[in-house]
Amino acid sequence: MRLSHLFFTTLRDDPAEAEMPSHRLLLRAGYVRQLGSGIYSLLPLGKRVNDRVEQIVREEQDRIGGQEMEMPVVHPADLWRASGRYETVGPEMGRFKDRNGRDMVLAMTHEEVVGQLLADVVRSWRQLPMMVYHFQTKWRDEPRARGGLIRVREFVMKDAYSCDRDDAGLDVSYWAQYGAYVRTFERLGLATIAVSSDVGMMGGSLAHEFMVLNPAGEDVLVLCESCDYAANRQVAVIPRPDPAAEDPLPLEEFETPGATTIASLAAYLDIGADRTAKAAFFVTGDGRLVTAVVRGDHEVNETKLGNAVKATGGLRPAQIEEIKAAGMEAGYGSPIGARGTFVVIDDLVARSPNLVAGANREGFHYRNANAGRDYTADVTADITNAQGGDPCPNCGNPVILRNGIEVGNIFKLGTKYSDAFEATYLGEDGQAHPIVMGSYGIGVGRNVACIVETHHDEKGIVWPAEVAPYAAHLVSIGTAKEPRVAEIAEQLHGLAADAGPRREILWDDRDESPGVKFTDAELLGMPWILTVSPRSLAAGGVEVTERATGERTLRPIEEVERQLVDGF
RNA sequence: CGGGGAGUAGCGUAGCCUGGCAACGCACGUGCUUUGGGAGCACGAGAUCGCGGGUUCAAAUCCCGCCUCCCCGACCA
């Protein structure tokens, strides 16, 4: 490809809105352009990288027996009503009416379509197991897009669906996908950590997320450096020691002026935060006020809390008025004397005697609050976040917290969708059984961004060879001085093109100064930069620079020609 | 949705407080020179100053409303 013909432009200055390296570099180097919040066009270079990433994902899916297909982006709403998700999902799903007034939705995932297809196609146990996948656009109207391609609203996902006769079969499919993901991310040049995760809106029993460590990551991971424990903080369960036993003392109200936070309360009383009980207030999607009580030295984990109260439609922080309506006082709140609220107590609070808790009266707290005696739980569960230094559940050594970006996930779905669509098969026993499903996603664009996040330097992108849009970047210099420069460049460019699409190179044939060409070559990030110039020809060939190391060697033309075909 | 910030030429910005010809760098076009690390000179094109309303002799600038984008928090590939 001649750079003079390529639909792109590089930017000398960083776009003001781009903060993450991948966002900045993909914009500057002319790979992508933004159309709206969380909506991006892929320019030709971006499209080629995207295709290379897709191809690696495709090969690894095919290797474990996945069959590629394609399902639509626009679905009739009735399909989503059948699974119940038309009601449960909320505003992140795009909804519209067709010209006849029928409710339609934009696909945010494809379990429903697969469920319906299974009901249609699968009759017999002989058709199972079976795994299908496709690359398709999803629309998810996220509350906030961010970080360029890291978190967008419209994106292409590889989503795969495994279909098995029973749980044992699902287990096999699940771990086959696990292995495929490990290979996929290795080939993409991404160091991932598989963490166990929440099953979220998908429902199901077991799930892993593949995470790339990144300070800008939106997930917090709980990791153990002594063993291989790794979990999303949403689900990490940390063992906690029993608090020292004390006899319950009488409840006693006392004045704590202005102590609306645990920090100020503990400082005022000169006690540890672990001697206090903290109440946090949420409202579920179905309108219940939830009061969560954790010890002052912990934080509420909203995922665990949501699961504990079986919240449909998620949780949102409660308004002051909603807290007051239940007889509680924000800043001095506790379930003591409250009414009309669902109370969830962290199991550590349940075991901690004589805590300081809010008195539901401005400027007052109680001493010696005891769960079970002074207030009762509707549910007692672990609802706290793991913290750095907590003991690892495997080996007991202190865990660390790191941020991560989720580049892929795998879910055991079970029969939720096959039940909804009556997707059954006749078993060897002559009976109908529900098909057992799994679901496996990889966001293509996010992976592209993550590759740039790990493979770049101060000059620009450094593509791993497997995903680079072109195998090499040819820079020709001094064509006016030496006619052979253009001839040789032309020859190398044609040779690479003839060697096949994967061997094609980018040739900067523009009439630009050498400085501009080198700078752009480094910004664009092809793994090899080939320089043809009067100087290189006089020295006997082509200068070959490895982008990653900056190492330069002068190689005879014939050798470069061979390497353009066989690889460098 | 809560909090913070920003919309001026393709990109980056100044001008706004204190109203008075819309400016600078890069990029872009033409010509000449230059050609191994973001070249030089000359000429040139490019902006309804996010949108709507208001105040004023006069609005990028002041006031009101709206829209969009970015960043931090609750969701996910």
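In the text below, chain A, chain B and the rest are named by the order of the sequence lines, each starting its count at 1.
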If each of A:Thr479 and A:Glu302 is mapped to the nucleotide of RNA chain B with the nearest heavy atom, which maps nearer the 5' terminus, i.e. the 5' end?
A:Thr479
Hey, which of these two, A:Arg146 or A:Glu406, hits RNA chain B nearer its 5' end, going by closest nucleotide?
A:Arg146
Distance check, [atom1] atoms only: [N] and [M], in whole angstrom units.
| N | M | atom1 | answer |
| --- | --- | --- | --- |
| B:rU61 | B:rA14 | C1' | 13 Å |
| B:rC51 | B:rC57 | C1' | 26 Å |
| B:rA45 | B:rU30 | P | 15 Å |
| B:rC41 | B:rA22 | C1' | 27 Å |
| B:rG29 | B:rG73 | C1' | 48 Å |
| B:rG50 | B:rC17 | P | 15 Å |
| B:rA60 | B:rG4 | P | 29 Å |
| B:rU8 | B:rC69 | P | 14 Å |

Hey, does the side-chain of A:Asn409 have a donor or acceptor N/O within less than 3.5 Å of a partner on the base of B:rC76?
no
Ignoring hydrogens and geometry beyond distance, is the side chain of A:Glu17 in donor-acceptor contact with the base of B:rG12 at under 3.5 Å?
no
How are the rings of A:Trp507 and A:His493 set relative to one another: parallel (under 30°), tilted (30 to 60°) or perpendicular (over 60°)?
tilted
Just checking, A:Arg95 and A:Tyr86: is the charged tip under 6.0 Å from the six-membered ring centre and within 45° of the axis?
yes
Using a cut-off of under 3.5 Å, enumerate the N/O to N/O pairs linking the protein to nucleotides 1-7 of chain B.
none

Indicate, with a heavy-atom threshold strictly under 4.0 Å, whether [X] touches base, sugar-phosphate, or nothing.
| X | value |
| --- | --- |
| A:Gln136 | nothing |
| A:Val152 | base |
| A:Asp159 | nothing |
| A:Ala449 | nothing |
| A:Glu209 | nothing |
| A:Gly443 | base |
| A:Gly148 | nothing |

Out of [options], which nucleotide sits closest to the side chain of [X]?
| X | options | value |
| --- | --- | --- |
| A:Val516 | B:rG38, B:rG36, B:rA77 | B:rG38 |
| A:Leu11 | B:rG37, B:rA77, B:rC11 | B:rC11 |
| A:Ala16 | B:rG38, B:rG12, B:rA77 | B:rG12 |
| A:Glu543 | B:rG37, B:rG36, B:rG12 | B:rG36 |
| A:Asp520 | B:rG37, B:rG38, B:rA77 | B:rG38 |

Tell me if the centroids of the rings in A:Tyr181 and A:Phe185 come within less than 6.0 Å of each other.
yes
A:Tyr161 and A:Phe411: aromatic ring centres closer than 6.0 Å?
no
The contact string for nucleotides 22-34 of chain B, one letter per nucleotide 5' to 3', using protein heavy atoms under 4.0 Å with B, S and - for base, sugar-phosphate only and none, comes out as ---BSS-------
I'd like to know if the side chain of [X] reaches the main chain of [Y], judged simply by a donor and an acceptor atom lying under 3.5 Å from each other, with no hydrogens or angles considered.
| X | Y | value |
| --- | --- | --- |
| A:Asn385 | A:Glu299 | no |
| A:Ser162 | A:Gly438 | yes |
| A:His110 | A:Pro72 | yes |
| A:Arg24 | A:Pro15 | no |
| A:Asn403 | A:Ile405 | no |
| A:Gln136 | A:Met71 | yes |

State whether the aromatic ring of A:Phe518 stacks on the base of B:rG36, taking stacking to mean ring centres under 5.5 Å apart and ring planes under 30° to each other.
no
Salt bridge flag under 4.0 Å for residues A:Arg187 and A:Glu59:
yes
Are A:Asp297 and A:Arg295 ion-paired here, with the side-chain N under 4.0 Å from a carboxylate O?
yes
For RNA chain B, what residues of residues 25-43 of chain A have any heavy atom nearer than 4.0 Å?
A:Arg28, A:Gln34, A:Gly36, A:Ser37
Is there a Watson-Crick or G-U wobble partner for [N] with both distances under 3.5 Å, and which nucleotide is it?
| N | result |
| --- | --- |
| B:rG19 | none |
| B:rA58 | none |
| B:rC24 | B:rG12 |
| B:rG52 | B:rC64 |
| B:rG36 | none |
| B:rC69 | B:rG5 |
| B:rG29 | B:rC43 |

Answer whether the closest heavy-atom distance between the side chains of A:Ile39 and A:Val152 falls below 4.5 Å.
no
With a 4.5 Å cut-off on side-chain heavy atoms, are A:Arg140 and A:Met157 touching?
yes
Which residue in the set A:Asn232, A:Val195, A:Leu401, A:Val235 passes side chain to side chain contact (heavy atoms under 4.5 Å, CB included) when paired with A:Val222?
A:Leu401
